[in-house]
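Treat the numbers as computed from the prediction; the structure is a model and nothing was measured. Start at 1 and go down the list; that is how both ligands and their atoms are numbered.
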Amino acid sequence: MLQDKLLELRDKALESIGSVSSLKQLQDVHVRYLGKKGPITEVLKGMGKLAKEERPVIGQLANDVRKAIGVWIEEKKAELEAGVLEAQLESEKIDVTLPGRKAQIGAHHLLASVIREVEDLFIGLGFSIAEGPEVEEDYYAFEALNLPKDHPARDMQDSFYITDEILLRPHTSPMQARTLEAHKGEGPVKIICPGKVYRRDNDDATHSHQFMQIEGLCVDKNVRLSDLKGVLTVFAKHMFGAEREIRLRPSFFPFTEPSVEMDISCFRCGGHGCAVCKGTGWIEILGAGMVHPNVLRMSGFNPSVYTGFAFGMGPERIAMLKYGIEDIRNFYTDDIRFLKQFKRA
Ligand code: 2U9
């Protein structure tokens with residue numbers, strides 16, 4: 001009787017194990033057949049009622065059946081686990097032969113490239129780069145540049161004032177004044193100051209409330225206007241072509257005396273006259289001059305010992321001329337269609 005029951009249990013268990021499709025179901029089968037309240041435990045518990053000679057036979061069979069079920073469950077478990085791993089490997093498979101995503105390689109902003117080109121040239125001529133704050137003191141922005149508080153060229157309406165004494169710099173000249181002051185009256189000082197400047201203006205194709213400037217300063221003993229002319233000639237040829245000629249016209253800036261404006265012979269028509277040079281053969285590129293004695297004095301230099309030249313230019317203007325750009329707002333609206341035309345050289 002019990003023997004048949006045990007054998008029947010064994011067959012049923014084998015059948016159940018065979019039909020299991022997950023580890024969870026297998027665990028249920030394990031509990032159902034081999035658990036503390038399972039049928040085999042029940043059989044073993046009822047052994048007391050058996051005849052003495054039957055006990056070892058039934059006991060042996062019960063143990064064999066339990067062992068066999070245990071072995072089958074283990075085998076099934078290994079099989080299911082291998083299946084899980086297989087499925088995982090399948091679902092996480094990556095196709096190494098697929099083409100990769102193309103990396104988007106950026107490029108310098110056109111203004112950054114122009115500024116770097118100018119910097120490289122001047123570094124080659126022995127100048128250093130000096131950069132400073134965009135939020136400036138009125139003293140360095142105007143006073144130290146020979147523009148006292150009542151100077152007519154100093155219109156409060158033209159600058160972004162934060163307080164009475166603090167403003168967004170309207171030019172990079174304060175950095176030259178700061179550098180001169182730091183040298184405590186001892187030359188030489190040869191610097192290039194690139195940076196962003198701010199002026200109150202209504203933006204249109206040719207005006208912007210923010211733009212870049214590059215200014216240069218060279219102060220030493222025996223620095224002459226002819227040195228300025230030589231340096232500017234090298235600059236014009238480097239930026240616009242070896243055939244360029246320059247001409248200086250008299251001008252006025254509060255911080256230089258004498259002051260000049262520099263034109264280059266037109267790089268489009270070679271000086272014959274065209275749309276780029278408006279028929280004149282010449283294109284205005286920058287302003288310059290000999291540093292005003294008052295400026296030298298205010299920054300601690302003795303103007304009877306030291307002289308210097310200074311110049312200032314707008315990288316936007318240079319880029320617009322060189323690349324035929326008609327709207328200055330292109331430089332700060334950052335339209336990718338504009339920017340991507342100027343790839344790394
Ligand atoms: C110190 C001494 C002298 C800087 C100079 C110019 C002439 C000039 C403008 C050109 C177009 C700026 O970009 S622009 O708007 N600049 O013409 N700048 S001389 O002279 C200095 C500066 C600082 C201590």
Legend entry - Close-contact set for ligand 1 against Gly314 heavy atoms, below 4.0 Å: 13 (O)
Legend entry - Atom indices of ligand 1 within 4.0 angstrom of Leu145 heavy atoms, with elements: 1 (C), 23 (C), 24 (C)
Legend entry - Check: His238 main-chain N/O paired with Arg244 side-chain donor or acceptor under 3.5 Å: no
Legend entry - Residue and atom name of the nearest protein heavy atom (relative to atom 21 (C) of ligand 1), distance in Å to one decimal: Ala310 CB, 3.6 Å
Legend entry - Donor + acceptor pair across side chains of Asp335, Thr333 (<3.5 Å): no
Legend entry - Atom indices of ligand 1, in the order listed, that fall short of 4.0 Å to a heavy atom of Gln176: 1 (C), 22 (C), 23 (C), 24 (C)
Legend entry - Proximal atoms of ligand 1 relative to Val295 (non-hydrogen, under 4.0 Å): 24 (C)
Legend entry - Residue pair Tyr140 / Ser173, side-chain donor-acceptor N/O under 3.5 Å: no
Legend entry - Distance filter under 4.0 Å to Phe253 heavy atoms, resulting ligand 1 atoms: 7 (C), 8 (C), 17 (O)
Legend entry - Distance-only polar pair, side chains of Glu261 and Ser251, donor-acceptor under 3.5 Å: yes
Inset, instruction - Rounded to the nearest 0.5 Å, what's the gap from CZ on Phe342 to CG on Leu110? Could you check? - result: 5.0 Å
Inset, instruction - Return the residue, atom name and 0.1 Å-rounded distance of the protein heavy atom closest to atom 11 (C) of ligand 1. - result: Gly312 O, 4.2 Å
Inset, instruction - Look at the rings of Phe142 and Tyr161 and say which category their plane angle falls in: under 30° parallel, 30 to 60° tilted, over 60° perpendicular. - result: parallel
Legend entry - Atoms in ligand 1 with a heavy atom of Ala177 nearer than 4.0 Å: 24 (C)
Legend entry - Part of Ala288 within contact of ligand 1 (heavy atoms, under 4.0 Å): backbone
Legend entry - Shortest protein heavy-atom distance from atom 5 (C) of ligand 1, along with the residue and atom involved: Phe255 CE1, 3.4 Å
Inset, instruction - Pick one of side chain, backbone, both or neither for how Met313 approaches ligand 1, counting any non-hydrogen atom pair under 4.0 Å. - result: backbone
Legend entry - Flag for His209-Asp201: side-chain donor and acceptor within less than 3.5 Å: no
Legend entry - is_close_aromatic(His171, Tyr198), centroid dist under 6.0 Å: no
Inset, instruction - Looking only at distances, please establish whether an N/O atom of ligand 1 is found under 3.5 Å from an N/O atom of Glu215. - result: yes
Legend entry - Polar contact flag, side-chain donor to acceptor under 3.5 angstrom, Ser19-Glu15: no
Inset, instruction - Check ligand 1 against Gln213 and write out every atom of the ligand that is under 4.0 Å from a heavy-atom position of the residue. - result: 12 (C), 13 (O), 14 (S), 15 (O)
